[in-house]
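Have a look at the structure below before the remarks.
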Protein chains: 2
Amino acid sequence: MNIKSNNTIKPSQLTGQVIEHLQSAISAGEYAIGSKLSAEPLLMKELGVGRSTLREAIRVLAHNGMLEVRQGDGTYVRALPSHKEPLAQRLRRARIREVNEVRRTLELEIVRLAAKRREETDLERMRGFLRMRHDALSGNDAAAALDADISFHCAVANAAGNEVLADLYRTFAFTLREALAALWTADDGKGSQTADLHDKLLAAIETHDASQAVATTTAMLDIHGATLSVMEKE
Amino acid sequence: MNIKSNNTIKPSQLTGQVIEHLQSAISAGEYAIGSKLSAEPLLMKELGVGRSTLREAIRVLAHNGMLEVRQGDGTYVRALPSHKEPLAQRLRRARIREVNEVRRTLELEIVRLAAKRREETDLERMRGFLRMRHDALSGNDAAAALDADISFHCAVANAAGNEVLADLYRTFAFTLREALAALWTADDGKGSQTADLHDKLLAAIETHDASQAVATTTAMLDIHGATLSVMEKE
DNA sequence: TTCATCATATCATCAGATGTTTTATGGATT
DNA sequence: AATCCATAAAACATCTGATGATATGATGAA
């Protein structure tokens, strides 16, 4: 089975052809889940490609979780191409209530950790975004205020000292931005209403007061949460 | 610059370290979007790795849309890692401690919600998996016991009535399976040690006792958490 | 100016060699 | 006979060199 025999005009991107071939072979069931692929030298002959080309293709599929390469043992088929959906895409087709519920959970844990682990540089960034938020509200620039608000909360997430948590929160915040924008324009009193709560949150993080940070955030989320769940209804 | 220390879930590969390094360098803004990466020979010297290793890493990132490789021209940064990368893939290059910390947060919220919202069908599924878990432990089949354990916790996640939360938890549990397997084989007493806690958790969910469910889960996570953080050290 | 040609830089691919890890084989010991 | 340990074999990991293919910019002529 030589890949290059049935190819198109372009001999370039040979690695891509090997990737597609292996993917379709796995999908077609030529390789069962859990079965072992042929060893590299044999696969080289079967596919008619060099070692580098084959290894780059296998590495891509392994990094995507489709294959598992075990040094000294072999290469095994692990899964079909199912878990490949990006989180942002998954959230976009979810209910706002559910996304917000998880975001609330993440946010509470974030402020708790941030109060414990924040560094001085984190605090400076937070102060800057809070100032931007205040200035934007004074100038009646709702969009800028929302951006500053999100940036502030992302800065808090960064201060939590957990990159996975921060990444997760950023994705949630970005997804919810649309809904939040509608919320802020629907009642721009909310922005200034939570201004003092933001100040209190920053103060709690500054003084390492985790319980106060959680309490303040709970109050903050409740104000917005009520409106969000109303939006969901219709 | 030489890449060395790791602590990722899948650490045994130089290529994986190069992938992680490039991703974080792009995230940190060392390479702006649209900018051109150094040429292969230069990057080899900068990272202290050979050409095959570097090329395999670049190929993975290119296939994920993060980089664009143009023959005869160069390699360009096309997108930030965050929003395009599947979550399972993101977790695979994260620190065990961070993944487990977030998983703990999700799990506590899950049992709280499950105690409130569980249906009768949820309870039946949980009982079934708990029985499988018990039988596997009696038969000294650690792998089957771990699978049943994970299935049980996923069933609890389903009972929380939030598909986003359940999806998220499944991905975390699947990623941590490897580490958990090492944990269970290292000390198979842990499996039976937490058996009664699982029963108590199920009882708490049955009786809608959210606070008891959270307390029981906290105890459960603490037992495993200690061992996991020890694993991280070396 | 415009266009064809060429030189150079860069990636694509192949091939060989050596190191590291896992697994299986056999023999030795009890 | 069962267990344990050392060794060999298999398979992937990595490095290096060499050659081909492609894009870009320089060069020079019409």
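The figures that follow rest on heavy atoms only: side chains count, while hydrogens, waters and symmetry mates do not.
Residues forming a side-chain contact (heavy atoms from CB on, under 4.5 Å) with A:E163 (at least two apart in sequence, or on another chain): B:R90, B:R95, B:E98. B:F152 pairs by the ring-ring contact (aromatic ring centres under 6.0 Å, His included) definition with B:H198, not counting sequence neighbours. For B:R125, there are no salt bridge (Lys or Arg N to Asp or Glu O under 4.0 Å) partners, not counting sequence neighbours. Remark: B:E101 pairs with A:R117, B:R97 by the salt bridge (Lys or Arg N to Asp or Glu O under 4.0 Å) rule, at least two apart or across chains. Legend: residues meeting side-chain contact (heavy atoms from CB on, under 4.5 Å) with A:V77, ordered by chain and number and at least two apart, are A:I26, A:Y31, A:I33, A:S35, A:L37, A:L67. Residues satisfying the side-chain contact (heavy atoms from CB on, under 4.5 Å) criterion with A:D122, sequence neighbours excluded, are A:R118, A:E119, A:M126, A:A159. Partners of B:R131 under the side-chain contact (heavy atoms from CB on, under 4.5 Å) rule, at least two apart in sequence or in another chain, are B:R127, B:D135. Partners of A:R104 according to the salt bridge (Lys or Arg N to Asp or Glu O under 4.0 Å) rule, which considers only residues two or more places apart in sequence or in another chain, are A:D222.
Closest of all the heavy-atom pairs between B:L42 and B:S38 is CD2-CB, 3.8 Å.
Summarising the geometry, the separation between CG on B:L47 and C1' on D:dC15 is reported as 15 Å, rounded to the nearest angstrom. Look at CD on A:Q17: it is 9 Å from P on C:dT13, rounded to the nearest Å. Protein atom NZ of A:K45 is 11 Å distant from nucleotide atom P of C:dA15, rounded to whole Å. One can place CE of A:M44 at 15 Å from C1' of D:dA13, the figure rounded to the nearest angstrom. At whole-Å resolution of the value, CD in A:E68 and C1' in D:dC12 are 13 Å apart.
The nearest heavy atom of DNA chain C to A:R51 and to A:G16 marks one nucleotide each, and the one closer to the 5' end goes with A:G16.
Here the nucleotide nearest the side chain of B:L14, chosen from D:dC12, C:dT13, D:dC15, is D:dC15.
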All N/O contacts under 3.5 Å from nucleotides 8-10 of chain C to the protein, with atom names and distances to one decimal?
residue: C:dT10; atom: O2; partner: B:G72; partner atom: N; Å: 3.2

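Contacts classified as salt bridge (charged side-chain N to carboxylate O under 4.0 Å, His left out) and involving residues 34-44 of chain B (residues at least two apart or in different chains) are given here: B:K36-B:D73, B:E40-B:R55.
Within residues 52-59 of chain A, the residues approaching DNA chain D are A:R55, A:R59, by heavy-atom distance under 4.0 Å.
Other residues, nucleotides and ligands contribute over 12 non-hydrogen atoms within 6.0 Å of the CZ atom of A:R112.
One end of the helix from C:dT1-D:dA30 to C:dT30-D:dA1 points its axis 0° away from the other end's axis, with each axis taken from 5 pairs and the angle rounded to 10°.
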